[in-house]
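Atoms within each ligand, like the ligands themselves, are counted from 1 in listed order.
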Amino acid sequence: MKVVLKNLTKKFPGRDRKNPADVIAVNDFTFEIPDGKLIGLLGPSGCGKSTMLNLISGLQKPTSGQIFFGEDDVTELPPENRGIGLVFQNYALYPHLTVRKNITFPLENLKGKDKLTKEEMNEKAYEAAKLVQIEELMDRKPGELSGGQQQRVAIARALVKKPCVLLLDEPLSNLDARLRIQTREEIRRIQRETKITTIFVTHDQEEAMSISDMIVVMKDGILQQLGKPQEVYDNPINLFVAKFLGTPPINVFDGEVKDNKLYIGGDAVLNIKGVSNQKVYVGVRPEGLDLDEAGPFVCDLTGVEVMGRDISIISTHKASLNTTVRSIASTGDTTAEVEGEQVRFSLAPHKVFIFNKETEERIAFVAEVEQ
Ligand code: ADP
Ligand code: MG
């Protein structure tokens with residue numbers, strides 16, 4: 001089911017005299033979620049992700065704007081009539097009920113022609129449980145399950161009515177690192193198998209990048225950018241998006257464009273065309289700093305970290321806005337013997353972004369390759 005949001009806005013009125021200003025949790029959001037895709041809704045805590053999900057589910061009413069499921073305007077429809085499945089961070093299972101009963105719970109209240117017999121309910125519960133691989137645990141109570149298993153029960157419960165849209169609000173946040181990775185792959189598999197249009201909310205960029213067909217980055221209730229994860233990573237629209245995506249994070253420097261050269265501090269690091277003289281922010285992805293004895297960019301070496309396949313070179317630079325400058329090289333790299341007080345890099349132009357100092361919007365440039 002395609003989901004379309006049109007100028008969707010949610011304002012929360014100021015609470016009291018101390019906090020008189022309205023909070024605009026979701027601010028004029030317009031976009032279309034294609035049928036059968038997994039969308040990662042991504043942004044820092046407090047940016048409006050849960051509010052957005054609550055609007056789509058119908059748990060909250062928008063201040064203005066519309067929501068369509070397919071061609072149908074569902075803006076005024078109560079949650080139970082929208083055909084959605086919901087999963088939250090804190091599994092929200094009934095502790096005194098078995099796994100089976102927890103999963104059949106949404107089926108118990110079906111009325112009239114939709115009413116199911118006990119056998120039919122158990123069959124549907126078994127199907128959903130099988131999908132998330134907990135069919136062996138049907139007679140246990142939530143207290144007898146691990147966190148990862150409990151979240152699977154919650155997912156099975158969300159799937160049992162065959163929703164047309166599945167909404168997941170930070171579903172992995174309560175799990176430890178290893179289970180998080182395992183469960184996110186599981187969610188990906190289930191989504192591929194069922195082809196249910198899914199919106200996955202997270203503040204963890206790596207999580208969103210790894211499983212989403214498309215990511216939507218938001219900040220202060222405002223949509224910043226949407227696209228395929230790699231496209232957004234390679235072409236961030238502004239400094240916020242560039243900084244939000246990537247581990248280790250992008251290196252940001254105070255810089256300047258002067259007479260077709262890009263400077264970081266006193267170092268002329270690239271020849272570029274198409275940008276007038278101005279002070280800028282320069283962002284360089286860690287994989288865009290190439291070790292190069294003759295490179296133009298000189299940093300003070302702090303140390304080297306070996307992280308399995310990669311090595312991370314940690315240095316400092318007086319124009320850096322991050323406390324350290326990080327670059328990534330592979331251990332097979334012959335130049336990876338790093339010693340001494342200084343380290344020199346050349347910059348890979350497609351890993352370098354420059355941003356307007358006031359608006360923080362990205363400025364396009366053409367790099368001139370050295371002869
Ligand atoms: P996220 O899920 O991205 O962390 P939320 O959607 O929960 O963000 O919140 C977005 C903003 O709206 C925050 O500033 C939050 O304080 C505010 N907010 C959320 N729910 C309410 C509410 N019921 N009343 C007032 N303000 C709210
Ligand atoms: Mg939230």
Side-chain angles (χ1 to χ4, degrees), residues 3 5-31 33 38-67 74-76 78-79 82 84-93 147 150-151 154-155 157-158 165-175 180 183-184 187 198-212 214-227 229 232 236-246 249:
V3 176
L5 311 180
K6 277 197 185 150
N7 306 106
L8 201 62
T9 297
K10 177 68 176 178
K11 277 187 203 169
F12 294 109
R15 269 167 202 264
D16 45 45
R17 246 183 293 162
K18 265 194 185 162
N19 303 296
D22 291 348
V23 174
I24 307 178
V26 172
N27 195 343
D28 201 19
F29 240 79
T30 297
F31 77 92
I33 300 165
L38 196 164
I39 303 301
L41 183 57
L42 180 63
S45 179
C47 74
K49 304 181 294 299
S50 293
T51 305
M52 172 75 98
L53 223 57
N54 291 341
L55 294 175
I56 297 172
S57 69
L59 292 175
Q60 291 181 329
K61 278 245 149 79
T63 311
S64 57
Q66 287 168 296
I67 303 164
V74 300
T75 317
E76 297 298 322
R82 290 192 187 192
I84 44 146
L86 270 173
V87 179
F88 300 100
Q89 174 178 342
N90 57 352
Y91 330 119
L93 301 175
Q150 290 187 51
Q151 194 55 301
I155 295 169
R157 184 179 53 187
V165 181
L166 182 62
L167 304 170
L168 307 159
D169 193 351
E170 312 234 14
L172 309 179
S173 298
N174 282 2
L175 306 181
R180 258 206 315 270
T183 313
R184 84 186 183 202
I187 288 174
T198 300
I199 306 175
F200 182 100
V201 162
T202 176
H203 63 272
D204 180 338
Q205 57 90 23
E206 199 182 330
E207 204 165 277
M209 298 278 282
S210 65
I211 66 166
S212 308
M214 203 166 108
I215 56 168
V216 176
V217 184
M218 65 188 291
K219 176 196 176 199
D220 299 338
I222 298 172
L223 188 154
Q224 303 290 305
Q225 191 167 5
L226 62 93
V232 179
I237 195 166
N238 59 30
L239 183 59
F240 174 82
V241 174
K243 280 162 76 170
F244 202 73
L245 301 184

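Closest to atom 24 (N) of ligand 1, if we only count protein heavy atoms, is Arg15 NH2, 3.2 Å. In terms of protein heavy-atom proximity, atom 7 (O) of ligand 1 is closest to Ser50 CB, 3.8 Å. For atom 27 (C) of ligand 1, the nearest protein heavy atom (residue, atom name, distance) is Phe12 CD1, 3.2 Å.
An N or O contact shorter than 3.5 Å links Lys49 to ligand 1 by distance. An N or O contact shorter than 3.5 Å links Gly48 to ligand 1 by distance. Polar contact check, Val23 against ligand 1: no nitrogen or oxygen pair lies under 3.5 Å apart. Polar contact check, Gly46 against ligand 1: a nitrogen or oxygen pair lies under 3.5 Å apart.
Exactly one residue among Leu53, Leu172, Leu41 makes a side chain to side chain contact (heavy atoms under 4.5 Å, CB included) with Phe200. That residue is Leu172.
Two residues are said to be in side-chain contact when any heavy atoms from C-beta on lie closer than 4.5 Å; Val217 and Leu226 fail this criterion. With contacts defined as side-chain heavy-atom distances shorter than 4.5 Å, the pair Ile39/Ser212 does not qualify. Side-chain contact check for Leu168 versus Thr198: some heavy-atom pair is nearer than 4.5 Å.
Contact atoms of ligand 1 toward Ala25: 10 (C), 11 (C), 12 (O) (distance under 4.0 Å to a heavy atom of the residue).
Note on Gln89: not counted as a metal contact of the Mg ion (ligand 2), no N/O/S atom lying under 2.8 Å.
Asn90 places no side-chain N or O within donor-acceptor distance of the main-chain N or O of Ala92, the cut-off being under 3.5 Å. In this structure, Thr30 contributes its side chain and Asn7 its backbone to a donor-acceptor pair below 3.5 Å. Gln89 places no side-chain N or O within donor-acceptor distance of the main-chain N or O of Pro171, the cut-off being under 3.5 Å. Listed for the Thr51 side chain is no donor-acceptor partner under 3.5 Å among the backbone atoms of Val26.
Distances from atom 15 (C) of ligand 1 to the protein include no heavy-atom value under 4.0 Å.
Within the 4.0 Å heavy-atom shell around ligand 1 one finds Cys47.
Residue contacts with ligand 1 for Thr51 involve both N, CA, C or O and side-chain atoms from C-beta outward (heavy atoms, distance under 4.0 Å).
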